[in-house]
Amino acid sequence: MHELSIAMSMIEMATEEAAGRGDTRVSALHLKLGPLSGVVKDALLFSYEVASQGTPLEGSRLVIEEVPVIVYCPECDQERIIDSIQRFCCPVCETLTPTVVQGKELLVVALELEPWPVNSAGIAGDQPTWVTELPAAAGSMETEITS
Amino acid sequence: MSTQPRLVEVRQNVLKQNDLLARSLRQQFKDAGVQVISLVSSPGAGKTMLLEKMLTLLRPQWRVAALVGDLATENDAARLARSQAPVKQITTGTVCHLDAEMVQRALTDWDLADLDCLFIENVGNLVCPSSYDLGEELRLVLMSVTEGEDKPLKYPTIFNTADVAVITKMDLAAATEFDSATAHANIQSVRPGMIVFEVSGKTGTGLPELLQYLNPRLVPAAIFSSESQLANSGIPEGV
């Protein structure tokens, strides 16, 4: 279970990125995740929720795009999506191939930033209490949480 | 003030810090002329036994050392120290893997120029270590005959990130009815073309071949060409 330290790295990275862009909070973090990253999606979602408490990402959504493993098949001279990571072979001609083109991703691809909410005194509140509903991002394999 | 969120593209590898440090370590190892080999496996697969034998075999002629990671205790370092090689324990507390920073910290008071070969024994775990580059030149993944032939299918990612597979405890193969052909087929299924060695840390079987593959310079074929010569090399059996 190393997902907690991974989540903390993600939050640290996003916090720095947001700080460099002025007085903004992060409302969502978009992550691309490959099956060969060694990271389990559900454990990461749980860890993110825990690790974001008390940070500028508290209450933000983690949007995970799971990407499949793609290998290069030398026989077909084509890149192919493999059916299972238990079997690194071309789904068309069944040639075994070790050449991974995609699948190791553990990549923060984008952040959704918004200004901090302002209270009646005109001072930015330190506990954001609202969440902006966004249209679902593209891709059917995405999962998100709102903590 | 607009409350409309704006989408900002980032594209940053979450493990960028670790990967950058690992790259820098790899360069330092290369500049110092030290070969770095890491070992990963489940707990109890025989990493420490194999490493103790390898250190003992290499030690008379070559400057070898080891870093060993565990959640707790310094038992493994004590076992490895019997080889007379310099050994340092990295106690990770609750952390289930080594990362590049732990390796760098452990090496601060060692002069790499004094070493020919450094082994890094990871925490026994077939999941988490797969995410962390340690700057090693070669990563060995061990599976013992007592664990079952389907280990590679259960943990494909760790096999995929390793360079060489080592099947250990071959002295128990008959007792456990280990199906070698199935194990090899499973390894090839998750990592086509992977080189596999079958060894016994206890009897020394397969060790010359493994060492020679790891570094022909350290172990010329002429020195360890047969088991009988290994048996005569003064390595205590069944330690």
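Owing to the predicted nature of the structure, the values given are computational and were not obtained by experimental measurement. All values below were derived from every heavy atom in this structure, side-chain atoms included, with hydrogens, water molecules and symmetry-related copies excluded. Note on naming: letters A, B, ... go to the chains in the order of the sequence lines (proteins, then strands), and numbering restarts at 1 for each one.
- Between B/Arg6 and A/Arg21 there is a side-chain heavy-atom pair separated by less than 4.5 Å.
- For chain B, the nearby part of A/Met13 is the side chain; its heavy atoms alone come within less than 4.5 Å.
- A/Val100 touches chain B through its side chain: at least one heavy atom from C-beta onward sits under 4.5 Å away, while N, CA, C and O do not.
- Atom CD in B/Gln188 sits 7.5 Å away from atom CG in A/Leu96 (nearest 0.5 Å).
- Note: B/Thr157 leads B/Asn186, B/Thr94, B/Thr157 in heavy-atom pairs under 4.5 Å with chain A.
- When heavy atoms are compared at a cutoff of 4.5 Å, A/Ser5 approaches chain B solely by way of its side chain, counted from C-beta outward.
- Taking CG from A/Leu106 and CD from B/Gln12, the interatomic distance works out to 12.0 Å, rounded to the nearest 0.5 Å.
- With hydrogens and angles disregarded, a donor-acceptor distance shorter than 3.5 Å links the side chain of B/Ser189 to the backbone of A/Gln86.
- For chain A, the nearby part of B/Tyr132 is the side chain; its heavy atoms alone come within less than 4.5 Å.
- With contacts defined as side-chain heavy-atom distances shorter than 4.5 Å, the pair B/Glu9/A/Val109 does not qualify.
- Contacts with chain B were tallied for A/Leu4, A/Thr99, A/Leu36, A/Val40; A/Leu36 has the most, counting heavy-atom pairs under 4.5 Å.
- With contacts defined as side-chain heavy-atom distances shorter than 4.5 Å, the pair B/Ser131/A/Val39 qualifies.
- Only the side chain of A/Leu31 comes within contact range of chain B, with heavy atoms under 4.5 Å apart.
- If you measure heavy-atom distances from B/Asn160 to chain A, the contacts under 4.5 Å come from the side chain alone.
- When the shell of 6.0 Å around NZ of B/Lys88 is examined, it contains more than 12 heavy atoms from other residues, nucleotides or ligands.
- Among B/Pro129, B/Ser130, B/Cys128, the residue with the largest count of heavy-atom pairs under 4.5 Å with chain A is B/Cys128.
- For A/Gly38 against B/Val127, the heavy-atom pair with the smallest separation is O-CG1, 4.4 Å.
- Using a 4.5 Å cut-off between heavy atoms, B/Cys96 contacts chain A through its side chain alone, with no backbone atom that close.
- Contact annotation for residues 14-22 of chain B against chain A (heavy-atom separation below 4.5 Å, listed by residue number): B/Val14, B/Leu15.
- Once rounded to the nearest 0.5 Å, the distance linking CG of B/Asn125 with NE2 of A/His2 reads 8.5 Å.
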Could you walk me through whether B/Val190 and A/Arg87 pass side chain to side chain contact (heavy atoms under 4.5 Å, CB included), step by step?
CA-CA 5 Å; B/Val190 298; A/Arg87 193 154 166 74; over 6 Å; no

